[in-house]
Amino acid sequence: MDKLRENWGSKLGFILAAAGSAVGLGNIWRFPYLAGENGGAAFIFVYILCVLVIGIPVLVAEILIGRTTQKNPVGTFKQLGKTKFWIAIGGMGVAAGFIILSFYSVVAGWTLGYIYEAISGNLMQYNLPDVTNSHFTALIQNPVWIISMHGIFMLLTMSVVFFGVQKGIELGSKIMMPLLFVLLIALMIRGLTLEGASKGLEYLFYPDWSKINMKVILNALGQAFFSLSLGMGAMLTYGSYMSKKDNIPSAAIWVAFLDSAIAIIAGVCIFTVVFATGQNPDAGPSLIFRTLPVVFTKITGGYIFSIIFFIALSLAALTSTVSLLEVVSAYFVDEKGWSRKNAVLLFGLMIFIIGIPSALSFSVLSGFTLFDKSFFDLTEFLSSNLMLPIGGFFISIFVGWIWDFEKVIENIKPGAEKIFMKYSWIFIGWKLILKYLAPVLIFIVLLSSIGII
Ligand code: PHE
């Protein structure tokens, strides 16, 4: 059975696919609005620090346990952790894949719908914030629109995962990631050449240190986890298709670098145009759907750039949804002996169905709330704020405390021999972070998520 398991065709294959998982709505939709709400440059500074100090070490740990076992999250913890408790942690990752994908695909569907809005010229008619607002609200309150966009996005996701690791995910990432990069660079150049762009840059890059407080730090760490796809086994599963020749630390640094670079480029694209046209940076989650369309009507070439923007966003989202569905499929393929094609079809359909209440949270089901949250908010909160940090916490504990450090080193060494010879102290620092710093900080984030602190 193991022999049939696929591997990445090349080292670049892993890096592009993993960067594809990491780069998504988290970078282009969530990062800019969080930066906007949390004081701009100060938030970005704390965010980068979180990626460097916690994100990369946990990312290395997650990829490492996947590559060691060459299995999905449940299989990995069965082999390494052995007890029911650890297997359940793997199971929570698979469940998180279901839940995150169900609401993520709804938002990804909006981006797809907005490609049409942009191409049809609809967006160009909305040059006042109030009008874009009501247009956006009308769309997300339309059950047919929102469910069909979510459905189409799930179909696109399924069609990539259907073709497997090399012919689906790797090939797809090799096409989509460079395209995304080119589109974002084009947008960035447009933003930078606008009169008044420097105000946006100032907002992004000149920190006002007085803005840093506990909330900013917590948001930054939570965002680092979400953006690096940590804590639910996506990176573990992608790591399981790596070979012993690949260098895990260097691949992890590449992925984190590309992820952060794209978040910052997206920030530049968005804030240069937002400031140049005198809009507010702190519009929150609807920043790109309500604020940006107004901006596009005010700049030369706005029509073309609005199309480019929403295509870029959909591509970024697609390489992320693919990684979420892959976790679920890998579990059923490895552990339950399903064929990949059946797993993709059945679970793709199931996730589509689970996503429907999230999609309807803005209309028919808006009155249905639990703990004061709609179904959409609840699934987002449960997965991003609870399941991912809990998963990350236990991955750190597992590699830091439970797994023999000798075994850890024996498994991380292949492919990274050179780093070992020259900088073996890095691995000691890494171990200390996984043992103490990461679990403590993540624990604090968790407590704050559930409102205890
Ligand atoms: N990292 C993705 C993004 O930034 C979201 C994601 C989270 C994907 C967890 C997979 C797993 O959009």
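Every number for a ligand or one of its atoms is a count from 1 in the order of the listing.
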Name each donor-acceptor pair under 3.5 Å that joins a side chain in residues 151-161 to protein atoms two or more places apart or in another chain, with its distance.
residue, atom, partner, partner atom, Å
Thr157, OG1, Phe153, O, 2.8
Thr157, OG1, Thr321, OG1, 3.0
Ser159, OG, Leu155, O, 3.2
Ser159, OG, Leu156, O, 2.8

### Message
By the ring pair (Phe, Tyr, Trp, His ring centres under 6.0 Å) test, which pairs, at least two apart or in different chains, include something from residues 158-185?
### Response
none

### Query
So, the side chain of Arg290 versus the backbone of Thr137: is there a donor-acceptor pair under 3.5 Å, distance only?
no

### Message
Please output the residues near ligand 1 using a strict heavy-atom distance under 4.0 Å, listed in chain and residue-number order.
### Response
Ser21, Ala22, Gly24, Leu25, Gly26, Asn27, Tyr104, Phe226, Ser227, Ser229, Met232, Ser320, Ser323, Leu324

### Message
Below 30° counts as parallel, above 60° as perpendicular, anything between as tilted: where do the rings of Tyr203 and Phe275 land?
### Response
tilted

### Task
Going by the side-chain hydrogen bond (donor to acceptor under 3.5 Å, both in side chains) test, name the single residue among Asn213, Asn219, Asp282 that passes it with Asn38.
Asn219

### Query
Quick one: side-chain hydrogen bond (donor to acceptor under 3.5 Å, both in side chains) pairs with a partner in residues 255-270, sequence neighbours left out?
Asn27-Asp259, Ser227-Asp259

